[in-house]
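Accompanying notes for the structure given below.
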Amino acid sequence: MSSLKVYNSYTRQKETFNSITPGHVGMYVCGPTVSGESHLGHARPFITFDVIFRYLKHQGYKVRYVRNITDAGHFEEEGREAEDKIATKAQIEKLEPMELVTKYSNLFHWAMRQFNNLDPSIEPTATGHIVEQIEMIKTIIEAGYAYAVNGSVYFDVVKYAQHYPYGKLSGRIIDDLLETTRDLDGQDEKRAKQDFALWKAAPAEHIMRWQSPWGEGFPGWHIECSAMATKYLGGQFDIHGGGMDLMFPHHESEIAQSTICNHHVPARYWLHNNMITINGKKMGKSYNNVIKLTELFSGDHPLLEQAYHPMTVRFFILQTHYRSTLDFGNEALQAAQKGLRRLWDAYGHLQNLQHPGGGPSDKALDEKVLQTIALMEEHMNDDFNTAKTLADMFELVPVINSLREKRYAADALSGDTFIKLQLAFKTYLEDIFGLQSEQASAGADNDRLDAVLQLLIEIRKEAKTRKDFATSDKIRLQLQELGVMLKDEKDGSVGISYL
RNA sequence: GGUCCCGUGGCCGAGUGGUUAGGCAGAGCUCUGCAAAAGCUUCCACAGCAGUUCGAAUCUGCUCGGGACCUCCA
């Protein structure tokens with residue numbers, strides 16, 4: 001059995017994964033800012049790290065997965081309004097900040113359920129950890145790496161860089177930053193342009209504000225993650241995840257803060273997912289090219305040719321390695337939809353098949369199946385290569401379908417191999433990839449409708465028996481228009497699939 | 001401007017020295033009352049140029065093109 005290797009952004013190489021405490025993994029992933037609706041781009045890290053969470057558990061680790069909710073809003077440090085993002089929007093929508101936060105938190109959780117993402121072990125909020133953040137800032141000041149000015153506190157990046165490798169994660173060179181940082185508000189308070197805010201004094205119009213040793217204000221952008229990760233995972237933990245766009249300055253700053261407080265780079269392995277692009281450009285608010293998740297699921301967006309099921313989106317994302325960009329397109333989504341359906345149908349058939357005992361009567365096939373199953377784990381161990389693992393599974397689809405349609409002898413595989421095949425599909429599709437049938441997740445069916453459908457199938461069968469194809473075709477075609485596809489199987493049974 | 005990344009067949013995408021990736025779409029065949037599904041076969045690649053090598057999509061250099069970060073950002 002191969003061992004798990006992960007690409008560590010911090011060292012820029014693939015490394016064998018070893019957890020700090022044997023059998024346990026601590027993982028922190030930057031969560032959503034709940035000041036607005038999540039879009040397709042946001043879905044990627046949460047699905048990526050959900051699968052990583054699931055895979056680590058599958059490997060037998062006890063995982064504490066911490067994913068924060070940023071509900072204090074990030075201060076738009078250089079923004080002209082000098083207002084908290086959430087506060088700004090709250091004024092527009094005439095809502096209390098916490099009402100807005102609650103609304104979008106709920107919507108976010110709804111989206112996570114649509115994707116069948118497991119709940120994180122702990123989901124701390126920034127507003128719930130103001131005290132911890134203030135304590136951490138105090139520690140940094142005491143250590144001499146931060147200074148207070150006019151009620152704000154800044155981290156002394158220049159001093160830090162003299163003693164620690166600032167910029168290692170994101171490949172920055174501190175002198176370059178000097179030249180490229182823009183000339184903006186609040187800069188005159190800082191000793192150096194590279195310095196970043198730990199605490200900001202709140203201007204009068206700022207709704208969200210807390211009392212601190214430096215006056216009324218709110219936490220800087222990066223401190224919440226450091227404070228909450230430290231609190232729940234300790235001074236050094238195993239995995240820190242997030243989008244590549246967070247490497248600088250967010251994660252770089254986290255490293256600096258935590259290093260001063262805990263004397264360690266906070267995480268051993270830094271994992272970063274790449275962006276979802278649309279027409280080759282990153283999907284993002286500032287590019288004005290976002291597709292919200294609600295729009296994606298409903299199809300209600302000019303760029304969408306149809307609605308896409310959350311499972312289609314999940315599968316679409318998993319068909320690409322998490323560190324590659326993924327380009328959105330209707331054709332690509334539709335391909336994912338069909339591919340998933342084929343894979344899922346085969347899975348369904350596989351679970352219904354019975355092995356007669358004995359075998360393998362086809363030794364070469366048996367061998368190939370065993371090898372392919374082994375490859376699945378090998379590919380997941382290779383930095384969570386879900387794309388390759390899915391390709392492995394597609395290699396097995398013709399085998400399954402051929403067994404089902406009796407092109408292969410029922411005992412072509414040994415009973416042992418057959419069980420392994422069934423188990424591998426269940427484990428990977430459901431437990432690791434977190435896929436589920438579209439009907440199950442839709443939850444639309446009920447027993448009564450099922451019975452009605454069975455009745456129609458029965459009537460159609462009778463019509464076919466007396467060669468009344470007009471009737472049988474009418475039933476099939478009209479059901480198809482309603483999104484129910486009937487498929488006549490060779491053995492006389494009727495398969496149902498939902499479009 | 002600085003730092004970094006990428007350019008694979010009609011579309012989406014694996015792959016880092018010698019092997020069919022895979023999915024979807026297209027073509028043909030088998031099966032079928034028809035259809036769908038399924039199975040088999042098949043077409044279409046590695047941006048360009050030069051170099052290293054017995055051998056490169058894979059390494060090196062250059063050219064062209066695209067992108068990310070440097071500011072909120074998944």
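Both backbone and side-chain heavy atoms feed into the values below; hydrogens, waters and symmetry mates do not. In the text below, chain A, chain B and the rest are named by the order of the sequence lines, each starting its count at 1.
A search for salt bridge (charged side-chain N to carboxylate O under 4.0 Å, His left out) contacts involving A/K388 returns nothing, not counting sequence neighbours. Scanning for ring-ring contact (aromatic ring centres under 6.0 Å, His included) contacts around A/F46 gives A/F108, with sequence neighbours left out. Applying the ring-ring contact (aromatic ring centres under 6.0 Å, His included) test to A/Y287 and every residue at least two apart in sequence or in another chain returns nothing. Every residue two or more places apart in sequence or in another chain that forms a salt bridge (charged side-chain N to carboxylate O under 4.0 Å, His left out) with A/D245 is listed here: A/K282. Among residues two or more places apart in sequence or in another chain, the ring-ring contact (aromatic ring centres under 6.0 Å, His included) test is passed with A/H379 by none. For A/F53, the ring-ring contact (aromatic ring centres under 6.0 Å, His included) criterion is met by A/Y65, not counting sequence neighbours. Residues forming a salt bridge (charged side-chain N to carboxylate O under 4.0 Å, His left out) with A/D473 (at least two apart in sequence, or on another chain): A/R476.
For the pair A/Q194 CD and B/G2 P, the computed distance is 18 Å after rounding to whole Å. Distance, A/F196 CZ to B/C69 C1': 17 Å, rounded to whole Å.
Applying the salt bridge (Lys or Arg N to Asp or Glu O under 4.0 Å) definition to pairs two or more places apart or across chains, those involving residues 317-334 of chain A are A/R323-A/D383. Residue pairs that meet the salt bridge (Lys or Arg N to Asp or Glu O under 4.0 Å) test with at least one member in residues 43-53 of chain A, sequence neighbours left out, are A/D50-A/R54, A/D50-A/R314.
Distance check on atom C1': B/U42 versus B/U52 gives 37 Å, rounded to whole Å. One C1' atom belongs to B/C29, the other to B/A47, and the distance between them is 37 Å to the nearest Å. Remark: the separation of the C1' atoms in B/G13 and B/G51 is 30 Å, to the nearest Å.
Not one side-chain nitrogen or oxygen of A/K193 sits closer than 4.0 Å to the OP1 or OP2 atom of B/C70. At least one side-chain nitrogen or oxygen of A/K281 sits closer than 4.0 Å to the OP1 or OP2 atom of B/G67. Taking only side-chain nitrogens and oxygens, A/N401 comes nearer than 4.0 Å to OP1 or OP2 of B/G39. An OP1 or OP2 oxygen of B/A14 is reached within less than 4.0 angstrom by a side-chain nitrogen or oxygen of A/S324.
Residues A/Y347 and A/E430 bring a donor and an acceptor atom of their side chains to less than 3.5 Å of each other. A/H109 and A/E123 share a donor-acceptor pair across their side chains, judged by distance under 3.5 Å alone.
Distances from the side chain of A/R407 to the nucleotides B/G39, B/G15, B/C34 place B/G39 closest.
Within the 4.0 angstrom heavy-atom criterion, only backbone atoms of the sugar-phosphate kind lie near A/Y287; the bases stay farther away. Here A/S170 lies out of heavy-atom contact (under 4.0 Å) with every strand. Contact annotation for A/L486: base contact, defined as any heavy-atom pair under 4.0 Å involving a base atom. Contact annotation for A/D327: backbone-only contact, meaning every heavy-atom pair under 4.0 Å involves sugar-phosphate atoms and none involves a base.
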Q) With the sugar-phosphate defined as primed atoms, P, OP1 and OP2, and the base as all remaining atoms, what B/S/- string results for nucleotides 20-32 of chain B, 5' to 3', for protein heavy atoms under 4.0 Å? A) -BSBSS-----S-
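With hydrogens and angles ignored, a donor-acceptor pair closer than 3.5 Å exists between the side chain of A/R476 and the base of B/A35.
Listed by first residue number, the stems of RNA chain B with at least three Watson-Crick or G-U pairs below 3.5 Å are B:1-7 with B:64-70, B:10-12 with B:22-24, B:26-30 with B:38-42, B:47-51 with B:59-63.
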Between the protein and nucleotides 41-48 of chain B, which nitrogen or oxygen pairs are less than 3.5 angstrom apart?
none

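Under 4.0 Å is where a charged nitrogen must lie from a carboxylate oxygen, and between A/D345 and A/R404 no such pair does.
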